[in-house]
Amino acid sequence: MRLTQLNRECLLHLFSFLDKDSRRNLSLACCQLREVYLDPCLWNLLHFSSPCQLRWDNYVLGPSLRYLTICWYSSRVQLVCNIEDWLKTSFQKDICSKHESLVSTFLAHVCHMCPNLLTLTLSGCAHITDQEVVSVLQCCKKLRSLRLENCVRITDRSLQAIAEHGDNLEEVRVDFCRNITQTGLQSCKEMRPIIQLSAERSADMIPDIKPEEKEPLGKALQKFLQYS
């Protein structure tokens, strides 16, 4: 029996066991398999292990997306991307310029195309800002779980947006986000006591301090040792 003799339901079930690349490669065989590949029902879960994968033409965004994860466990995140912009060398800025807008641009597409998103996990996405989090919360009203790990540009503004727009949120994690404060966490808990909110190490880390602000020598040394 040929693969193309299977009905659409069977083909969708078959495709569901394949990874993104295998799905795309199989879809190139014929128009029928291409239609199955493009069916939004196939794409309820997406996982990316680096921002560069967001450029690849091996997935489909649509209203069926429920679970989205973008994780980047790379030494580049710690050694380059996590550094404050005003402390980066020209070489470091050049490295970041090649990928810094990838996640933000992708999340903008998610906001417009994936209103039924339930779970969003962003780990090591050092270049996303509060604005991306706010937009997701405003557009993806059904979001139940938001997990942010080592997203260094995230501040208390995101916590405020969670309190204002997170009507269906049940779980929020902001781990190792150094610009989150105890004040922001407490305010969010008071406004949304039903949300299970956790912040491992976030409020205990040394926040970014702009050049015009004076940083005590002890804190500066501690921060240097933390990322060296």
Side-chain angles (χ1 to χ4, degrees), residues 43-51 54 61-73 77-78 81-82 84-85 100-210:
W43 303 93
N44 68 328
L45 183 152
L46 284 173
H47 183 281
F48 301 93
S49 56
S50 84
L54 302 174
L61 281 181
S64 294
L65 184 63
R66 300 291 190 275
Y67 310 97
L68 172 61
T69 299
I70 305 174
C71 294
W72 197 18
Y73 301 114
V77 175
Q78 183 174 2
C81 299
N82 277 359
E84 296 97 313
D85 286 339
E100 62 184 351
S101 64
L102 288 178
V103 178
S104 299
T105 301
F106 179 80
L107 289 177
H109 293 310
V110 169
C111 288
H112 288 97
M113 303 175 67
C114 311
N116 299 311
L117 189 67
L118 298 178
T119 297
L120 174 62
T121 299
L122 301 173
S123 180
C125 299
H127 295 291
I128 67 162
T129 65
D130 294 315
Q131 184 55 54
E132 283 79 59
V133 176
V134 172
S135 296
V136 169
L137 290 168
Q138 290 176 333
C139 297
C140 304
K141 299 289 189 180
K142 298 180 181 180
L143 196 68
R144 295 178 184 172
S145 175
L146 176 62
R147 301 175 184 176
L148 305 173
E149 177 186 327
N150 196 19
C151 298
V152 296
R153 295 191 181 187
I154 296 302
T155 71
D156 288 351
R157 185 186 170 203
S158 289
L159 294 176
Q160 181 180 355
I162 288 168
E164 293 176 355
H165 305 293
D167 294 335
N168 290 305
L169 277 172
E170 300 172 357
E171 177 194 22
V172 173
R173 298 184 64 92
V174 282
D175 299 336
F176 299 94
C177 298
R178 66 176 180 241
N179 289 301
I180 293 292
T181 69
Q182 285 289 358
T183 301
L185 290 170
Q186 186 61 35
S187 177
C188 185
K189 289 178 180 178
E190 291 174 356
M191 295 179 68
R192 293 282 182 179
I194 195 173
I195 294 178
Q196 183 179 346
L197 177 62
S198 65
E200 184 178 352
R201 293 287 305 279
S202 290
D204 299 324
M205 301 177 75
I206 300 175
D208 296 344
I209 298 180
K210 294 182 180 180

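Note that the numbering runs from 1 along the sequence shown for the chain. In this text the structure is predicted, and so the values were computed from the model without any measurement.
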Donor-acceptor pair, side chain of Ser187 and main chain of Thr183, under 3.5 angstrom:
no
Roughly how far apart are Leu107 CG and Leu120 CG, rounded to 0.5 Å?
6.5 Å
Which heavy atom of Asp175 sits nearest to which heavy atom of Ser202, and what is that distance?
C-OG, 3.4 Å
So which atom in Leu143 and which in Leu137 form the shortest heavy-atom distance, rounded to 0.1 Å?
CD2-CD2, 4.1 Å
Heavy-atom nearest pair, Leu169 first then Ser145, reads CD2-N, 3.8 Å
Could you verify whether a donor N or O on one side chain and an acceptor N or O on the other, from Gln160 and Glu164, lie under 3.5 Å apart?
yes
Quick check: does any side chain N or O of Ser158 sit under 3.5 Å from a backbone N or O of Ile154, one acting as donor and the other as acceptor?
no
Determine, step by step, whether Trp72 and Phe48 satisfy the side-chain contact (heavy atoms from CB on, under 4.5 Å) criterion, reporting the C-alpha distance in whole Å, the side-chain angles of both residues, the deciding distance to 0.1 Å, and the verdict.
CA-CA 8 Å; Trp72 197 18; Phe48 301 93; over 6 Å; no
Using modelled atom types and a 3.5 Å cut-off, is there a donor and acceptor pairing between side-chain atoms of Arg66 and backbone atoms of Leu117?
no
Taking atom types as modelled, find out whether Lys142 and Asn168 have a side-chain donor-acceptor pair closer than 3.5 angstrom.
no
In this structure, are over 12 heavy atoms from other groups packed under 6.0 Å from Gln196 atom CD?
no
Residues Arg153, Thr129; criterion side-chain hydrogen bond (donor to acceptor under 3.5 Å, both in side chains); working and verdict:
CA-CA 5 Å; Arg153 295 191 181 187; Thr129 65; over 6 Å; no
Thr155 vs Asn179, test: side-chain hydrogen bond (donor to acceptor under 3.5 Å, both in side chains). Steps then yes/no.
CA-CA 5 Å; Thr155 71; Asn179 289 301; over 6 Å; no
